[in-house]
Amino acid sequence: MTARPSFYVTTAIPYANGAPHIGHAYERIATDAIARFKRLDGFDVLFVTGMDEHGQKMQQTAARDGITPQALADRTAEQFARMGDVLNARADDIVRTTQPRHAKASQAIWQKMVERGDIYLSKYPGWYSVRDEAFFDESELKSGPNGTKLAPTGAPVEWVEEESYYFRLSAYQDKLLAYYKANPDFIVPETYKREVIAFVERGLTDLSISRSTFNWGVPVPGDERHVMYVWVDALTNYLTATGYPDMTTERAKFWPADAHVIGKDITRFHAIFWPAFLMSAELPIPKQIVVHGFLFNRGEKMSKSVGNVIDPFTLAEHYGVDPLRYFFLREVPFGQDGNYSHEAIVNRMNADLANDLGNLAQRSLSMIAKNCGGQVPDFGALTDADKAILADAYALPDKARAAMKDYALHHALAEIWRVVADANRYFASEEPWIKRKTDEARMANILAVTAEVLRNIAIMTQPFIPDASGKLLDLLAVAGDARSFAQVSEAHRLTPGTALPPTAPIFPRYVEAEEGAAKPAKA
RNA sequence: GGCGGAGUAGCUCAGCUGGCUAGAGCAGAGGAAUCAUAAUCCUUGUGUCGGGGGUUCGAGUCCCUCCUUCGCUACCA
């Protein structure tokens, strides 16, 4: 038995300082869809997310709430775990940076970089506020009386030099540029690759990678006065999941990761720092950094002052998980920023899900129930129209793979819905309700073809709207082990005579509530 | 300031290395049908392809210039 190819995909790791928001939900859903897609396409998939639980802000927030940093981390981790469950986007593993396995991995990669001569002790100079216990950039400072400088908080700052370990990032400038050139798909979409290259070409300076002004972090090996700063700590999380530094575990085969799915704000860390660390540690570099955009509520960034903050739980409950997943993945061109609004969500879920796909299933399956004894009808001799629509359905895996290769999830869905639309046209032009009176055998054939097209469509929609797709496959009596992309072919078509369960609507229409009722996306 | 995107029908956008009368979805208008979640199907657009200039037999598609807009320009997760 040949081993299935492996595929390792991750989300970024949210900072455990606050509750999940729409952006986290979007990233989790998209990554889940990618993971499901690869799984259905025969890959051995590892889907990992994590939590970034260290750092000064964690200490500060915890202190404000009167709890320990670990308690804050636990609380937030629980919220994110629940989000994953609610969105039907549960990961295989959640690596928390406070876990012992992660400290082990972080210290191992650190040690390796030390051995390679890429880490050295120096001074980290900057404007420091004792009251805030934080460094501030020159540009952040306000000028106080008598030409003194003040922190944004108004606290006085002083020029200090903190001892810090540095990573020799400057030594990797040329190596990184060479790597980008040799691996043109390393950063997608293209626009972010250009930004990264431009950044690196401007020149890299060494990176401060430890702190001694706080202690909530992974201790630096051999120097307990320091903890690792966010860079090494957070990024190593991806490695931790594979069992590093133990290269003999079952998980080890998943490194290097195939795709790190991240938001555009952290591109630099993943596309520059991370590969440099890995080069230093002589570890393979991830295949791709997949960058997605931000979501805006009616063109505006979510903010408490605008009053348009909506949490993902509310949205999922109001519209349903699959409609929400479908909307995000279909409406937003992956990689670009997107907008959401109550109207846009309702339009998508009603037009695409309820009307196009849901109604096609309903109208065809109910005819089968009423006129064909509730069994898959005979296909008969296929007409050209039958063959055409079936061929379109069977071509979907290739079309979807092509789109997913570039992480164009919205294109994959567009291809699938093109067939949904064609199937509606097919159904309308074949008029099985007329044939019922004039040519019952032909009616049966039309319904069989339509059901078969639905089978293939439902298999293909599983990554994006898993729950509803599963229900549709149930209605078609497709066995649980016959739902992979490999089964999207004529060889696996529905068997005439198979009894079908009673039909039931899969995609409910969204009906507007009374005026004044709450509309989450409108806030 | 520097670098890089973008500006195409009311809306969201496709239009690869230049070539038939510039497209899709949604929204709008008219019609058909009644199997179906009043869901579907058909028909329907006089769009200065941001402005101007240029190259070419021919340019959203190449060059120049101007306007508008967005992103990046490192130690914040």
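These numbers come from the heavy atoms of this one structure, side chains and all, not from hydrogens, waters or symmetry mates. In this text the structure is predicted, and so the values were computed from the model without any measurement. Per chain, numbering begins at 1; letters A, B, ... match sequence-line order.
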Which whole number of Å gives the distance between the [atom1] atom of [N] and that of [M]?
N	M	atom1	value
B:U55	B:C3	C1'	27 Å
B:A32	B:U46	C1'	28 Å
B:U65	B:C20	P	29 Å
B:G25	B:C42	P	9 Å

Please give, in whole Å, the distance from [N] [atom2] to [X] [atom1]?
X	N	atom1	atom2	result
A:Leu204	B:A74	CG	P	12 Å
A:Ile506	B:A36	CD1	P	16 Å
A:Phe427	B:A36	CZ	P	10 Å
A:Asn237	B:A77	CG	C1'	12 Å
A:Phe507	B:A39	CZ	P	17 Å
A:Phe296	B:C70	CZ	P	11 Å
A:Phe269	B:C75	CZ	C1'	7 Å
A:Glu201	B:A74	CD	C1'	16 Å

Counting Watson-Crick and G-U wobble pairs only, both distances under 3.5 Å, name the nucleotide matched with [N], or none.
N	value
B:G25	B:C11
B:A6	B:U68
B:C16	none

Identify, with sequence neighbours excluded, every residue that meets salt bridge (Lys or Arg N to Asp or Glu O under 4.0 Å) alongside [X].
X	value
A:Arg202	none
A:Arg96	A:Glu53, A:Asp74
A:Glu195	none

Hey, what are the protein-to-nucleotides 25-28 of chain B N/O distances that come in under 3.5 Å?
residue	atom	partner	partner atom	Å
B:C26	O2'	A:Asn347	ND2	3.3

- Message: With the 90 degree cut-off around zero defining syn, does B:G31 come out syn or anti?
- Response: anti
- Picking from A:Ile289, A:Val261, A:Val196, what satisfies side chain to side chain contact (heavy atoms under 4.5 Å, CB included) with A:His270? A:Ile289
- Task: Check every strand shown and say whether A:Gly263 touches a base, only sugar-phosphate, or nothing at a heavy-atom separation below 4.0 Å.
- Result: nothing
- Message: Does the protein touch nucleotides 2-15 of chain B at the base, only the backbone, or not at all? Give it as B, S and - per nucleotide, heavy atoms under 4.0 Å.
- Response: B-SS----------
Does [N] have OP1 or OP2 sitting under 4.0 Å from an N or O in the side chain of [X]?
X	N	answer
A:Tyr426	B:U40	no
A:Arg363	B:U37	no
A:Lys370	B:A36	yes

- Message: Can you pull out every salt bridge (Lys or Arg N to Asp or Glu O under 4.0 Å) where at least one residue sits in residues 17-28 of chain A? Sequence neighbours excluded, please.
- Response: none
- Message: From C-beta outward on A:Ile434, which listed nucleotide comes closest to its side chain: B:A36, B:C41, B:U34?
- Response: B:U34
- Check: B:A77 base within 3.5 Å donor-acceptor of A:Asp52 side chain: no
- Message: Between A:Asp337 and A:Lys264, does any NZ, NE, NH1 or NH2 come within less than 4.0 Å of an OD or OE carboxylate oxygen?
- Response: yes
